[in-house]
Protein chains: 2
Amino acid sequence: MAEIQSLARGLKILNLLEHSRDGMGTTEVATQLEIDKSSASRLLHTLAKYGFVEQDQLTARYLLGPQLVTLGQHLLNRITLRDHARPYLHELVDKTGECAHLAILAQRQALYIDQVESTAALRVESEIGTLSPLYCTALGKTLLTFGDSRIPDELTPFTHRTVTDRSTLEAQLAQTSKRGYAIDDEEYNYGVRCVAAPVYDHKSALVGAIGVSGPAGRMTLERIDEFGSVVTSIAAALSARLGYDFNLK
Amino acid sequence: MAEIQSLARGLKILNLLEHSRDGMGTTEVATQLEIDKSSASRLLHTLAKYGFVEQDQLTARYLLGPQLVTLGQHLLNRITLRDHARPYLHELVDKTGECAHLAILAQRQALYIDQVESTAALRVESEIGTLSPLYCTALGKTLLTFGDSRIPDELTPFTHRTVTDRSTLEAQLAQTSKRGYAIDDEEYNYGVRCVAAPVYDHKSALVGAIGVSGPAGRMTLERIDEFGSVVTSIAAALSARLGYDFNLK
DNA sequence: AATATAAGTTGCATAATATGCAACGTGCGT
DNA sequence: ACGCACGTTGCATATTATGCAACTTATATT
């Protein structure tokens with residue numbers, strides 16, 4: 001179906017603003033989207049009118065607006081999986097000493113919806129709200145193996161360890177399926193290894209994945225396997241905890 | 001400036017979906033916005049294409065999408081005030097035993113950007129991301145008195161205690177200004193009283209407000225005044241803490 | 001201070017685009 | 001099996017968004 005141009009342009013502006021450090025001006029937006037200044041101006045005004053974009057009082061540059069916080073938070077509150085998973089994430093941190101994450105499938109990507117940080121000095125920064133690829137992260141591979149199962153067409157490399165060969169990846173997923181947990185061996189970020197396992201509801205339908213990640217220095221290959229069983233058992237416990245009236249949405 | 005219709009319609013759909021419990025169908029959206037089914041269908045498809053809306057696999061109804069979490073969270077992370085304020089919110093909870101909140105001005109409303117819950121049994125639920133009116137909440141009155149200062153045209157009552165008379169409100173704000181903290185005496189929610197005080201940056205410009213709220217049963221009028229000085233002093237401590245290179249955005 | 005330069009907004013004619021209508025397809029409930 | 005409601009698609013129309021150009025405002029340069 002053909003997309004509605006002006007709406008699409010408005011949404012593209014929001015995505016643009018996400019990646020700008022201190023907001024953008026009308027002309028800048030117009031250049032990036034390859035549209036006229038006047039169009040950009042009018043789109044921005046409409047976005048501002050509804051609170052999706054806000055103009056900095058001083059610089060007059062446009063920033064993301066409060067309405068996005070409102071809607072985003074609202075959506076997060078709906079996802080009750082988060083509440084259920086919280087104590088299990090803490091348990092993961094306690095047992096491994098590394099950061100624990102919770103992700104769900106969204107847009108054929110892994111959406112990080114919660115995180116519990118380790119107290120260790122070296123740790124990953126806040127990832128909540130981030131979308132990550134399915135084929136090169138532990139949480140993603142978990143969702144791919146036990147959920148979506150459709151391998152993306154493009155396997156873009158992020159590090160030299162990223163698996164870009166389809167059959168190699170398929171073999172990895174088969175192994176993941178057999179073993180019950182997925183591994184990311186510096187395939188997405190240099191120096192970061194991750195382990196993740198699937199979370200199911202009462203109907204054995206996949207609802208998400210939990211896992212831990214940490215610096216390769218601490219996450220040695222022996223410890224990874226050890227962590228694998230920890231993550232798997234905690235994921236199983238969480239799955240069991242998810243009552244029969246649990247609903248993801 | 002005239003708003004761009006199709007973009008505005010798309011944004012209105014997002015706002016609609018926020019208030020629906022289990023998503024909405026194409027026809028329902030069309031009815032609410034008083035547009036044709038076909039238009040609604042096409043708008044929804046465009047929103048879905050960019051991840052702002054998601055279709056439930058089972059019911060085929062549209063829900064808010066992950067992109068909103070991404071953008072909303074991204075924006076929250078930018079607001080460094082939150083990080084600075086956290087410990088002070090905890091201190092507030094410790095000293096009062098009630099829930100503590102942090103809000104900033106956005107769209108001429110109070111945007112709740114953080115919260116620390118009390119351990120008491122009775123407590124308000126998560127408000128983060130919520131927009132509240134300025135004229136009938138303690139945080140709002142604080143922002144109104146020390147920040148925006150423009151009283152809204154419409155003073156809609158929420159309870160029988162809501163101040164709907166302009167001059168009465170002006171008198172309250174004058175009192176707030178003199179005393180240094182604002183009070184909400186069941187003016188927004190029945191049975192809930194709040195106290196709040198302003199937070200400034202190094203240039204003495206208002207950046208936000210912090211406060212506590214609790215059930216009227218515990219928040220007696222004597223305690224309110226006692227809490228007033230607690231909140232004011234903690235707000236002052238936070239203001240002092242905000243380094244000179246602090247920036248809200 | 002005066003001018004030059006860039007950014008942003010508005011008017012307007014054009015054409016592209018979104019719109020509503022109607023018809024079609026699909027799934028659900030009776 | 002039938003009817004009904006919901007969702008999607010084709011199409012003609014005209015509304016709506018668009019780009020251009022002119023104008024205004026703010027900023028930097030000499």
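Chain naming here is simple, since letters A, B, ... match the order of the sequence lines and numbering starts at 1 in each. In this text the structure is predicted, and so the values were computed from the model without any measurement.
- When DNA chain C is scanned 5' to 3' for any atom under 4.0 Å from a heavy atom of chain A, the first and last hits are dA7(C) to dT19(C).
- Legend: residues meeting ring-ring contact (aromatic ring centres under 6.0 Å, His included) with Tyr112(A), ordered by chain and number and at least two apart, are His101(A).
- With sequence neighbours left out, the side-chain hydrogen bond (donor to acceptor under 3.5 Å, both in side chains) criterion links Asp153(A) to no other residue.
- Judged purely by atom type and a 3.5 angstrom limit, Arg86(B) has no side-chain atom pairing as donor or acceptor with the backbone of Asp114(B).
- Comparing Glu34(A) and Asp36(B) against DNA chain D, the residue whose closest nucleotide sits nearer the 5' end is Asp36(B).
- Along DNA chain C, the nucleotide nearest Thr26(A) and the nucleotide nearest Ser6(A) are compared for position; the residue whose nucleotide lies closer to the 5' end is Thr26(A).
- With sequence neighbours excluded, no residue satisfies side-chain hydrogen bond (donor to acceptor under 3.5 Å, both in side chains) with Tyr88(A).
- Two residues, Leu7(A) and Glu28(A), neighbour DNA chain C, and the one matched to the more 5' nucleotide by heavy-atom proximity is Glu28(A).
- For Ala48(A), the side-chain contact (heavy atoms from CB on, under 4.5 Å) partners two or more places apart in sequence, or in a different chain, are Val53(A).
- The side-chain contact (heavy atoms from CB on, under 4.5 Å) check on Gln172(B) picks up Lys141(B), Val163(B), Leu169(B), Glu187(B), with sequence neighbours excluded.
- Annotation: side-chain contact (heavy atoms from CB on, under 4.5 Å) contacts of Thr176(A) (sequence neighbours excluded): Thr145(A), Phe146(A), Arg179(A), Ala182(A).
- The side-chain hydrogen bond (donor to acceptor under 3.5 Å, both in side chains) analysis of residues 24-34 of chain A, with sequence neighbours excluded, yields the pairs Glu28(A)-Arg61(A).
- Contact check of residues 37-44 of chain A against DNA chain D (heavy atom, cut-off under 4.0 Å) returns Ser38(A), Ser39(A), Arg42(A).
- Not counting sequence neighbours, the partners of Arg42(A) by the side-chain hydrogen bond (donor to acceptor under 3.5 Å, both in side chains) test are Ser38(A).
- For Phe158(A), the side-chain contact (heavy atoms from CB on, under 4.5 Å) partners are Pro133(A), Tyr135(A), Cys136(A), Thr162(A), Tyr188(A), not counting sequence neighbours.
- Rounded to an integer number of Å, the gap from Glu3(B) CD to dA17(D) C1' is 13 Å.
- Between the CZ atom of Arg61(B) and the C1' atom of dC6(D) there is a distance of 11 Å, given to the nearest Å.
- Two end axes, each from the C1' atoms of five base pairs, can be drawn for the helix from dA1(C)-dT30(D) to dT30(C)-dA1(D); they diverge by 50°, to 10 degrees.
- Leu33(A) has its CG atom 17 Å from the P atom of dA17(D), to the nearest Å.
- The two atoms that bring Pro198(A) and Ser239(A) nearest to each other are O-OG, 4.1 Å, heavy atoms only.
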